[in-house]
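Contents: one structure, followed by commentary.
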Amino acid sequence: MDVWIWELLRGIGRAFAQPFLYIAFFGMAWFAVKRIKKERATFGIRIFDRYSDWRGTVVLSIAAGLLLSILAVGGGIVISFSFLLLVSVVLLLVSLTGKSNWYSPAYTLGISYLLLLFLPLLPERYRSNGSVESLEQTPLTGVVLVLAVLLFVEAFLFLKTTPSHTYPERVMGSRGMWIGQHRSRNIAVVPFFALLPSGSIESLASWWPLFPIGQDGFGLILIPFVMGSEWTARGQAPEVAAKALGRHTFLLAFLVLCLAGASFYIHALSLAAVIVSLLGREMIHILHRLREDRPAFFSSNPKGVRILGILPGSPASQMGLVPGEVIERVNSIPVRTENQFYEALQNTGAFTKLEVRDAEGENRYVQRAMYEGEHFELGIVFVEPPAHESSVGFF
């Protein structure tokens, strides 16, 4: 037991020797700065804070990490430090695109897997290097098994997306009219334990580890695997787009898992699993773009003012207003433009009652008392900017 405790502590310490955490922090900071700069340029205010890209992913990441740890350690998946460095290099390179959708395990692990296939083509003087030798011994079936589980995590990240997890953006449409869209960006760190070649842990059974790398002793290593996604919804509601992406990714993960299981008996199927994950991930994006080829969901409405976004913690958020809804009346006063909305809001006194129409065309009423010191604008971002400026002045 003391051996396992010691290796557990050493495994946690080894997490900081890997580039994953530093790449994750760099990516989060970079994406947050770009987003906040764009929000301030468009709306005149920062709508979401700099930590919102990973908020809401922690519980799912920890749960997935526990499951992966059981599979990796219980099944005896041995992963070399050289392979982790290879994945880190791939992750760093795809970070240069500025798009977190390249953080999908289908890309990072899939590309790393394909690079392993080219190792036998290296000159002999390079193949004799210890790092290259350990890369050649990487258990490919174990890699695709981890890939399948992480694709399930990605699917659940899609499925749990709500309008409060997406960022509003205002763009000019093809007809010269202002339209809105929502961008979703998630970065998650899934921490899980795996076995590392060389260490004080001995084999527990004749079959363990199931994916060896030619070592008698094993250590533990905590792998803070970085994954993410990014997509926009313009022709449909963000939650509708997220559910479709989640369902398709779940089916892809199931197919990859089946191929990964079959690769225990036919090793070539591990390559098939990687190819399916890469092609499937691209097909999911293509289908999403096809579903987006329709009139803009966030567009002006002649019956009222369309809500593009809600500031977290604002009075509008507390009133339960949702992006995509149309505000038709403020205390029985019809409003058709953003300026009319603000004028009506200033004349309503200490109590505000809004008549809104949801995405299904149903009318509902929301109301709230306004307290001294609260901003009169409620914290709503509309599709069209005020007539006198191109952004909302909520400070």
Side-chain angles (χ1 to χ4, degrees), residues 20 60-61 63-80 82-84 86-87 90-91 102-119 134-159 188 190-197 205 207-214 218 221 223-229 245-285:
F20 289 112
L60 178 60
S61 297
L66 289 174
L67 175 61
L68 261 177
S69 298
I70 293 173
L71 291 175
V73 178
I77 298 179
V78 182
I79 299 179
S80 67
S82 299
F83 178 72
L84 295 177
L86 175 63
V87 178
V90 173
L91 184 65
W102 284 99
Y103 283 6
S104 169
Y107 298 127
T108 54
L109 286 179
I111 294 173
S112 300
Y113 179 106
L114 295 178
L115 290 175
L116 292 177
L117 300 182
F118 289 94
L119 291 179
S134 65
L135 281 176
E136 287 185 314
Q137 298 177 22
T138 300
L140 301 181
T141 299
V143 171
V144 295
L145 184 61
V146 172
L147 169 58
V149 175
L150 290 174
L151 279 177
F152 279 111
V153 178
E154 186 176 2
F156 283 112
L157 285 174
F158 281 129
L159 292 172
V190 180
F192 67 95
F193 283 97
L195 297 178
L196 190 70
W207 53 268
W208 191 90
L210 193 59
F211 306 102
I213 306 186
F218 309 96
I221 184 169
I223 304 172
F225 194 86
V226 182
M227 56 185 299
S229 65
L245 288 167
R247 289 193 299 268
H248 293 160
T249 305
F250 190 91
L251 291 174
L252 175 63
F254 180 77
L255 180 56
V256 173
L257 181 62
C258 291
L259 290 172
S263 68
F264 281 88
Y265 308 99
I266 306 175
H267 296 306
L269 289 179
S270 65
L271 175 59
V274 169
I275 293 175
V276 166
S277 68
L278 287 169
L279 294 180
R281 198 70 188 81
E282 285 300 309
M283 183 59 67
I284 289 172
H285 279 297

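Only this structure's heavy atoms are used, side chains among them; waters, hydrogens and symmetry mates stay out.
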Side-chain donor-acceptor pairs under 3.5 Å in residues 66-78, sequence neighbours left out?
unit_1	atom_1	unit_2	atom_2	d
Ser69	OG	Gly65	O	2.7
Ser69	OG	Phe193	N	2.9

field: Stepwise side chain to side chain contact (heavy atoms under 4.5 Å, CB included) check, Ile79 with Ile221
entry: CA-CA 9 Å; Ile79 299 179; Ile221 184 169; 5.8 Å; no

Nearest non-hydrogen partners of Ser80 and Pro197, listed with the distance: CA-CD, 3.9 Å

message: Does Ser277 form a side chain to side chain contact (heavy atoms under 4.5 Å, CB included) with Leu147? I'd like the steps, not just the answer.
response: CA-CA 9 Å; Ser277 68; Leu147 169 58; 3.7 Å; yes

query: Considering all heavy atoms of both residues, which atom of Leu157 and which atom of Ala188 are nearest to each other, and what is their separation?
result: CD1-CB, 4.2 Å

task: Would you mind reporting whether Leu140 and His267 have side-chain heavy atoms less than 4.5 Å apart?
output: no

Enumerate donor-acceptor pairs with a distance under 3.5 Å from any side-chain N or O in residues 105-113 to protein atoms, sequence neighbours excluded.
unit_1	atom_1	unit_2	atom_2	d
Tyr107	OH	Glu282	OE2	2.5
Thr108	OG1	Ser104	O	3.4
Ser112	OG	Thr108	O	2.7
Tyr113	OH	Ser270	OG	2.6
Tyr113	OH	Leu271	N	3.1

query: Would Val149 and Phe192 count as a side chain to side chain contact (heavy atoms under 4.5 Å, CB included) if you check the C-alpha gap in whole Å, the side-chain angles of each, and the deciding distance to 0.1 Å?
result: CA-CA 12 Å; Val149 175; Phe192 67 95; over 6 Å; no

statement: d(Ser229 OG, Arg281 CZ) to nearest 0.5 Å is 7.0 Å

query: What are the two closest non-hydrogen atoms of Met227 and Leu150, and how far apart are they?
result: CE-O, 3.3 Å

Ignoring hydrogens and angles, write down the donor-acceptor pairs under 3.5 Å from the side chains of residues 250-262, residues two or more places apart or on other chains.
none

query: CG/Leu114 to CD1/Ile275 distance, rounded to the nearest 0.5 angstrom?
result: 7.0 Å

query: What's the spacing between Leu115 CG and Phe83 CZ if we round to 0.5 Å?
result: 9.5 Å

Heavy-atom donor-acceptor pair, Thr138 side chain to Leu135 backbone, under 3.5 Å: yes

task: Of all the heavy-atom pairs spanning Thr249 and Leu151, show the shortest one and how long it is.
output: CG2-O, 3.7 Å

message: Checking side chain to side chain contact (heavy atoms under 4.5 Å, CB included) between Leu91 and each of Trp102, Phe225, Tyr103, which is the one that passes?
response: Tyr103

